[in-house]
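Below, chains carry the letters A, B, ... as their sequence lines are ordered, and counting in each starts from 1. Note that this is a predicted model, so its numbers are computed, not measured.
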Amino acid sequence: MSVTVDRELVSFCAEVGATGPVAVRGAGTRFEVGGPLAPETRVVAAPAGIREYRPEEMTVTVLAGTPVAELHAALSAAGQRSALAERGGTVGGALALGEDDLRVLARGKVRNSVLQLRYVSADGVLVKVGAPTVKNVSGFDVGRLMVGALGTLGLLAEAVLRTRPTPAVARWWCGEGIDPCAVRDLARSASVVLFDGTTTTLQLEGHEVDVDADLVALGRLGAFRACEGPPPLPPHRWSLRPSELLRLDGHATGSYVASIGVGTVFADRPQARREPPAAVRAVAARLKAEFDPSGRLSPGRDLLAAH
Amino acid sequence: MRAKDRRGARHPQLASDPVVHDLEALLGDRVRVDGAERSLLSRDASVFSGGRAGPVCFPLSTEEVQGIVKIAARHRRNVVARGAGTGLAGAAIPLGAPIVVVTTRMNRIRSVEIEDRLAWVEPGVINLDLSKQLRPLGFHYAPDPSSQQACTIGGNISTNSGGPHCLAYGVTSEHILCLEVVGADGEVMVLGGLDAEPAGLDLRGAFVGGEGMLGIVTAAAVRITANPPAVRTLLLGFSTPREAAATVSAVIAAGIVPAAMEVMDREITRAVENFVHAGYPLDAGAVLLAEVDGTEQGSAIDAEVIARIGKEHGATSIRTAEDAEARDRLWKGRKTAFGAIAQIAPAYYLHDTVVPRAALASVLEQVYAIAERFGLLVVNVFHAGDGNLHPLLLFDPDEAGVLERVHGAAAEIVRASLAAGGALSGEHGIGIEKQEFMSEMFGPDDLDHQARLRRGFDPWCRLNPGKVLPSAHSCADLSELARAGEGIWA
């Protein structure tokens, strides 16, 4: 089996090649993030499939083209899940974006779940960074650079991800006129607390006794009712400090849903461009020049463009 | 006070080094050139020697660190930063008489921002001191290396330190939101951000674990973690380490990720019990210290499952710490284990490799066999929950030729771990200890890409040259580093 997979990786390298502008397209669910690719860019697909799943090690090796839904279906058979956001895309796409799942408080950040990566470099070579064990120090953390880089430093081929046990119960609740920050402080089992200016929506998960106890405690803040899931999320993704949510300006965001304690805000209007200072831009530019000297990987993609 | 040694004698040769002149203009008597200080700072806590420190600086502020790096750039000198010097892989050992920047006097907690669950700290803040300061507020800093009474947050960031509680809470990188660093060109930069998903490349993520080769940390925004309402600590005794390791795997397979799962073998358990009198069983072949936290009810459920699994795997004794004091004593035993070794041998080499949990028992047996083959006593205390082995090779440094045997056994332990599908290090880092082993885990293209990351941050090869990457991929000429500064800085 591993021979077949390795052949797939080798042929992915060959497809990427060593010259000409090139980018990977996964399921295309968030393909517009970072802006349009340069017009002459060749678009390729990464190989797909779960290579090795070791529930007892809490690790899974998966090819980048695998749909996240397929990965999570396999993990759930062993009572586990990953940190990747479930929104219809591929593993490679989720890593290239680096956006966390809505329930990040319980699932952890995407970038913390990556143990090892293989990617195709700008000169068409397969490169491995990190190690497959749940804890490892393996030299400089190149993998961290790749997560969220939108394919501008290397094209993801395969990842070893950390998995986590899925809690026994998970339930959604919502209520009106309730201080969402108080909810966040009180509910230890909350995987997410959302607030749209009126309604507070949260998911509690864990041992049934803990979820029940949290719900009893939350009752002191107001009346909650069971609900199906999160409210519809406006299209643009803002990144703020958790404390900034207290002073959220509805005029700038339009209608919004804010993730309390996290700082992500889903809004009707895009966030203003967040330009890092010159010294940071200089390091980022040097890294781009080191990893992709000819600028052939995902040309046109702008990491600072609003999502 | 210019270029004087401890006895106050003027040191004409050293003072004639123009870099010393400039550093003194910046820092006054917080530049040291005396032999005693430099010799002390030529090592870390490992068995490795061979370093040579140039002028030693004790900055108090970001501006002073910046000034030092700019002076170094002007004089084309290298810079090596260090914290408390508790590192075990030689990462802070100065090679080639560089300027040494000691960050221990930058030790303020600048702010605690509860609403954002973070604290801004300077690099010299001691790990345990931070948690002590946070305790009255109901928070702590989660990564807890065994050296936490002495090691600094700056050093923790440089090595991406772990600790027993990283099993559930994650290693240092997961707890660093934002870094203020001085880059290799002397520019102050803020990497990462306090917002949910900072824009641009994750330079903060790339920086953590950089072993002082990517920049010098002058402040960090660290994530603070709410103290759990309930903590339960179990001590399980087994006849053999194999049964303890099997219990660890079974607990994870049962869907429980405890806050910590630590194993100690018979010899180390006896030494520890002698030292702290915490009630560790003296007749056990191995003990498993397992901790779960959460709510009263939830943690009770998890503790019950762990006890049941332990019994199924042949636990000879199971004890739950009855109160916080008993728990603290058990943890004191675990965390002072390395000190307790002094009862058995005058010196030790503390190793650090990772294997898949399923391979723990078999690699452990190989470790005992390797030590025996090299005529060394080995004891084991390790983070079993995440497969992180810490064999301690015990020796008497006065015995002729013993260090060669120690290094020989250490190399074989690394190879056994890699053969089992493991990794070079779990938390101590690569430094000079595992530098040449990097080629056994990575191919030339892989190492080339690590070198690219390093050059992106430091194209001048100025910061802590000659570490982590094997010589063929290092920007530094290692033999030249060994000769550098032999003149007046010998």
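- Against chain A, the residues from residues 163-177 of chain B that qualify, each with a non-hydrogen atom under 4.5 angstrom away, are B:Gly163, B:Leu167, B:Ala168, B:Val171, B:Ser173, B:Glu174 in number order.
- Heavy-atom distances place no part of A:Pro277 under 4.5 Å from chain B, backbone and side chain included.
- Using modelled atom types, one side-chain atom of A:Ser239 and one backbone atom of B:Ala196 make a donor-acceptor pair closer than 3.5 Å.
- Atom CD of B:Glu304 has 12 or fewer heavy atoms from other residues, nucleotides or ligands within 6.0 Å.
- Proximity to chain B involves both the backbone and the side chain of A:Leu145, based on heavy atoms less than 4.5 angstrom apart.
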Checklist entry - Can you list the steps and then say if A:Phe291 with B:Leu453 is a side chain to side chain contact (heavy atoms under 4.5 Å, CB included)? => result CA-CA 8 Å; A:Phe291 284 88; B:Leu453 183 150; 4.2 Å; yes

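- The backbone N or O of A:Asp100 lies less than 3.5 Å from a partner atom in the side chain of B:Glu197, making a donor-acceptor pair.
- Heavy atoms of A:Glu208 lying under 4.5 Å from chain B are absent altogether.
- Applying a 4.5 Å heavy-atom cutoff, the residues of residues 102-113 of chain A that approach chain B are A:Lys109, A:Arg111, A:Asn112.
- Against chain A, the residues from residues 179-191 of chain B that qualify, each with a non-hydrogen atom under 4.5 angstrom away, are B:Glu187, B:Val188, B:Met189, B:Val190, B:Leu191 in number order.
- Side chain of A:Arg144 to backbone of B:Ala206: no donor-acceptor contact under 3.5 angstrom is found.
- Residues from residues 444-452 of chain B that place a non-hydrogen atom less than 4.5 Å from a non-hydrogen atom of chain A comprise B:Asp445, B:Asp446, B:His449, B:Gln450, B:Arg452, given in numerical order.
- Side-chain N or O atoms of A:Glu57 include one that pairs as donor or acceptor with a backbone N or O of B:Ala358 at under 3.5 Å.
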